Amino acid sequence: MVDREAGPPSLPDDWPAKPEVSLCLNGMGCFDWDMGSGLLHMDGVALEILDLTDDEYDGTRAMLLERLPPSENERLDSLVGEAISRGDDSCGAYFRVRRRDGTLRWTHAQGSVRRDATGHPRRLVGIMRDATQELADSMARLELDEERRRRTSVVEGATAALAHARTVQDVIDVLKHSDGLEHLGATSMVMGLLDSGRIHLVAEGPAGSFVPGTRVTRVDEEYPMSEVIRTLSPRFIESANDFAVSYSGLWPHISHLGITAAAYLPLIAQGRPIGAVGLLYGDKIGFSPEDRNLLVALGSSIAQSLQRAVLFEQEHDLAEGLQQAMLPRRIPAVPGAEIAVRYRSARLGRDIGGDWYDVVPLPGGRVGAVIGDVQGHDTDAAAVMGQLRIVLRAYAAEGHTPATVMARASVFLHELDTDRFATCVYAEADLATGVVRLVRAGHVDPMIRDTDGSCRRLPAEGGLPLGLSAEFGRLDYPVNTVELDPGQTLVLYTDGLVEIPGVDLEEGIQRLAGLVAGGPRDLQELADRLCEAVDERGGEDDVAVLLLRRRGAYAGRTGGKLQQHVGQGDPGALSSARHMVRAAVRAWGAGDRSDDVELVADELMTNALTHTDGDSTVTVRVLPGVERRLRLEVEDRSSALPRIRDAGESGVSGRGLVLVDALSDEWGVESRGSGKCVWSEFVISGRPERDG
C-alpha cells in the first residue's frame, strides 16, 4: 500500500469572490443613502444602470430623483416613507428611470434600513439592478396565462349560464345569446336531440341554413350529427374542402353560408348519447389541441344541461297536473263580494310548491278566505298542501270558529307524520256587517286597500305555523277582528310576493303596498299585475294571491249572526268584541239604539269576566220576524244566575243589571248545560245599511 499525503487544494488567489465582485458580475450595483445628509453613494454598476457617469454624478439623492419621471418620484418616496413609518427593516420597489435617449428602463432596488440606538432610521443600504428583461418575461407569462384563463372562462361562463337553464329552449338561448360562441369564434350553432334512433333538430343554425328533410334524421345517415352519435367521438371539420368531401350530400345545401370549419360534438350524459351539437365557423381553419379540449369540455356541459332540461320537461307535465288537482277548480260566486285569486309557480325547480288559496261560502252571509304556504317546493309539498286545504275547508264549513279551524288543521298536519309545516291566514268575513275575524299562523300580515286606492298593512297577532303549534302544544290562536267597509279590499298573499333576495322583508312589504295602491281598480286586473311584477323581477318562489272586496250594495239576510270568544285577561279580545257589536249595530240598521246596545253589551261582558272564572262568548244577531229585533247574548260557564240588587246610595257594584233592565226592551237569563246565557233584545226600526 502506498501512503498518500493529502495536500491543500489548488484555489485561485481571489477565492472566494468578494460580495461586490459577485454583485458586479451579476449586474447588480450597490448604494448607501445617508438620510441625514442626503448623500447617496452609488458604485459604478449602479451608475451604469441609471445611465450616469462618475464625473457627472454629484453624490446626492436629488440628482437621482431628477432621472425619475415625476409619477415614479412620488410613488418611490411614498413606498420608502411607508416602509420606514411601519418600522420595516427593509423595503424594495420597481421603478422606471429615464435614460439619456429619453427611453425608460425598469429598475429594481432593494434596501435595508439601518437605525441608531434610539430606533430612528439613519441609512438605507442596498442593491440595484436592471429589471427590464425580468418584467418582459413576466409580462409574457402573464399574457400566456391570461389567454389560457380567457379560454377556460369561456367554458366556465357557459357552464354557469347553463346551470340556470330549465328547458331545452333555455339551453339553446343560453348558447346563442351568451358570449360563449363569440369568444370561441363560432358564428352559429345547430343542435339535435336523440329519440328512438332518430335525431330531432331543435336549433337550425344561421338564417337560411335549414336543409329540407333534415328536421328528423336517422342515426345511420351520412350527416355530421349522425356520425358523432354513432361513434360517440367529436368530429372536427378543418376546412370547407374537408366538409365538402366528407359530407357531399349536405355540403351543396349549405356551401353558400361561407362555412370554413365546423366542430360537431356528441352530447353524452350518464354514458349514453342524448343528442349532438355543431358549432359553425366562418373565419377559422383548423383546430389546435387546446381548441379541441375546450370544445369537448363545452360539449360535456351542454349534455348535462340538456339532460336536466329533458327530465324537467318530462316532470313538468306531471307536476302541473298535480298542482291543478290540488288547487280549487273554481272559485264560487259569493253574494256581497268580489274575489280574484291567482297562483304563479316558481321560475326554478319543478314549477310546483305548497302555496294555496281557497274560498269557503259559509251560512249567514259569511265567507271564509284562506291563503297558505306549505314548506318546500316539490311534489310532496303539493300533496301535503292538497290534504291541508281540504281539511281546512271542511273544518270551516262545519261552522267552527276561526281559532278552532286553525288549531284543528295544525293537529291534522302534525298527525300526518311529515316534516313539513305550513303558514296560513284564515279570514271569516261577514259581508253584511263587514266584520272580519282573522287568524294568522306564522304567515305574513295581510293588507287592506281602501276605497281611495291607498294600501296599508294590517298587523295581526298570530300563533305558530300549522304543525309546529301542535308539536309544541301551543294551539291557542288569537282572533283579530277588523271591519271591512264597502269598497275596501282584503289582500291576502304568500311570502313569494314580498321576499326578494338581498332585500329586507319589510322593504318588500312596502313595495307591495305601493304596487297595490298604484294598481288597477279592477280586482282581476290587479291580481294579474301583482303576478306580472314578480315575473319582471324573476321571482324564485311560488306566489298565491287572494283579493276579497266587500260590495256596498249587499245587505245580507236578516238572520245573520256574529260571535266572538273573550278570554280571561285578554283585553284584545274584549276590544274586538266591542268592535264587532258596534259594526253589527251600524250594519243592521240599529243606529238609533247604538248607545243602548253598546252599553248593555259592555256591561254583560264585564259581568261575565268579573264574576266568573272562565271565558265567555259574545253573540249578536238579528231575529227574523215582523218586528225586527237585535239580540245580544253573553254566555259563560258559571251556573250562578245574576240578579238585580240595590246598590245603595254610595255602592258601586249592583248597578249593572239595573242599567241592562232600563236600556233593553227585554232581557233574561237562560241556563245552559255548561253554564248560563244572559241575553238582551232591542227593537230596531231601521233597515240594514246599503252603502254605495
Side-chain angles (χ1 to χ4, degrees), residues 8-146 149:
S10 177
L11 297 173
D13 294 338
D14 60 350
W15 188 91
K18 296 183 182 302
E20 57 268 24
V21 174
S22 298
L23 293 174
C24 179
L25 291 175
N26 287 277
M28 296 185 183
C30 300
F31 68 86
D32 188 344
W33 173 30
D34 183 82
M35 298 180 185
S37 65
L39 295 177
L40 175 61
H41 169 75
M42 289 189 290
D43 66 7
V45 179
L47 292 174
E48 183 179 349
I49 292 172
L50 298 175
D51 204 9
L52 288 171
T53 64
D54 187 60
D55 294 338
E56 63 184 333
Y57 181 57
D58 63 1
T60 64
R61 178 172 173 270
M63 188 171 189
L64 167 65
L65 297 180
E66 291 178 1
R67 306 304 298 266
L68 273 60
S71 59
E72 295 286 33
N73 191 340
E74 296 173 2
R75 186 173 65 86
L76 194 58
D77 272 350
S78 176
L79 289 173
V80 173
E82 289 177 3
I84 291 175
S85 63
R86 288 195 303 266
D88 295 345
D89 293 331
S90 63
C91 62
Y94 288 90
F95 58 95
R96 292 172 298 171
V97 176
R98 190 176 303 280
R99 305 181 68 187
R100 296 177 188 276
D101 59 5
T103 61
L104 295 175
R105 166 188 283 177
W106 276 105
T107 304
H108 180 262
Q110 182 74 33
S112 177
V113 180
R114 306 297 298 274
R115 302 176 184 272
D116 59 17
T118 63
H120 292 289
R122 295 302 184 188
R123 296 167 61 188
L124 185 64
V125 181
I127 58 174
M128 184 184 302
R129 60 187 173 83
D130 182 357
T132 303
Q133 188 59 45
E134 174 193 347
L135 293 181
D137 293 342
S138 177
M139 288 299 295
R141 288 194 300 271
L142 290 174
E143 290 174 0
L144 180 59
D145 291 342
E146 179 62 28
R149 281 194 296 270

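Keep in mind the model is a prediction, meaning the values are calculated, not measured. Below, each value reflects all heavy atoms present in this structure, side chains not excepted, and no hydrogens, waters or symmetry copies.
When every heavy atom of A93 is checked against every heavy atom of L79, the shortest pair comes out as CB-CD1, 3.7 Å. Nearest approach of R61 to L40, heavy atoms of both residues: N-CB, 3.9 Å. Here the closest non-hydrogen pair linking Q110 and G92 is OE1-CA, 3.4 Å. Of all heavy-atom pairs between T107 and R129, the closest is CG2-O, 3.3 Å. Minimum interatomic distance between L76 and F95 (heavy atoms only, all atoms of both residues): CD1-CD2, 3.9 Å. Nearest heavy-atom pair across Y57 and L52 is CD1-CD1, 4.0 Å.
Under the 3.5 Å distance criterion, the side-chain polar atoms of D34 are matched with a main-chain donor or acceptor of S37. Without hydrogens or angle criteria, N26 side chain to M28 main chain gives no donor-acceptor distance under 3.5 Å. Under a 3.5 Å cut-off, the side chain of R105 and the backbone N or O of I49 do form a donor-acceptor pair.
Between the CG atom of N73 and the OG atom of S78 there is a distance of 11.0 Å, given to the nearest 0.5 Å. Atoms CD and CG, on E66 and L50 in that order, are 12.5 Å from each other to the nearest 0.5 Å. Atom CG in L47 sits 8.5 Å away from atom NE2 in H41 (nearest 0.5 Å). Note that CE of M42 is 8.5 Å distant from CE of M63, once rounded to the nearest 0.5 Å. If you take OH on Y94 and NE2 on H108, they are separated by 4.5 Å, rounding to the nearest 0.5 Å.
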- Please assess L64 against W33 for the test side-chain contact (heavy atoms from CB on, under 4.5 Å), listing each intermediate value before the final yes or no. CA-CA 11 Å; L64 167 65; W33 173 30; over 6 Å; no

- Going through the checks in order, is the side-chain contact (heavy atoms from CB on, under 4.5 Å) test met by M35 and L124? CA-CA 8 Å; M35 298 180 185; L124 185 64; 3.9 Å; yes

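Using a 4.5 Å cut-off on side-chain heavy atoms (C-beta onward), E82 and C91 make no contact. Counting only heavy atoms from C-beta outward, the side chains of D51 and R67 approach each other to under 4.5 Å. Contact annotation: the side chain of T60 approaches that of L39 to within less than 4.5 Å [non-hydrogen atoms, C-beta and beyond]. No side-chain heavy atom of W106 sits under 4.5 Å from any side-chain heavy atom of L104.
By the 6.0 Å contact criterion, CG on D58 is enclosed, its count of non-hydrogen atoms from other residues, nucleotides or ligands being greater than 12.
Salt bridge annotation for R114-D32: absent, with no cationic side-chain nitrogen under 4.0 angstrom from a carboxylate oxygen. The pair R99-D101 does not count as a salt bridge, with every side-chain nitrogen at least 4.0 angstrom from each carboxylate oxygen.
Under the 3.5 Å distance criterion, with hydrogens and angles disregarded, no donor-acceptor pair is assigned to the side chains of D55 and T53.
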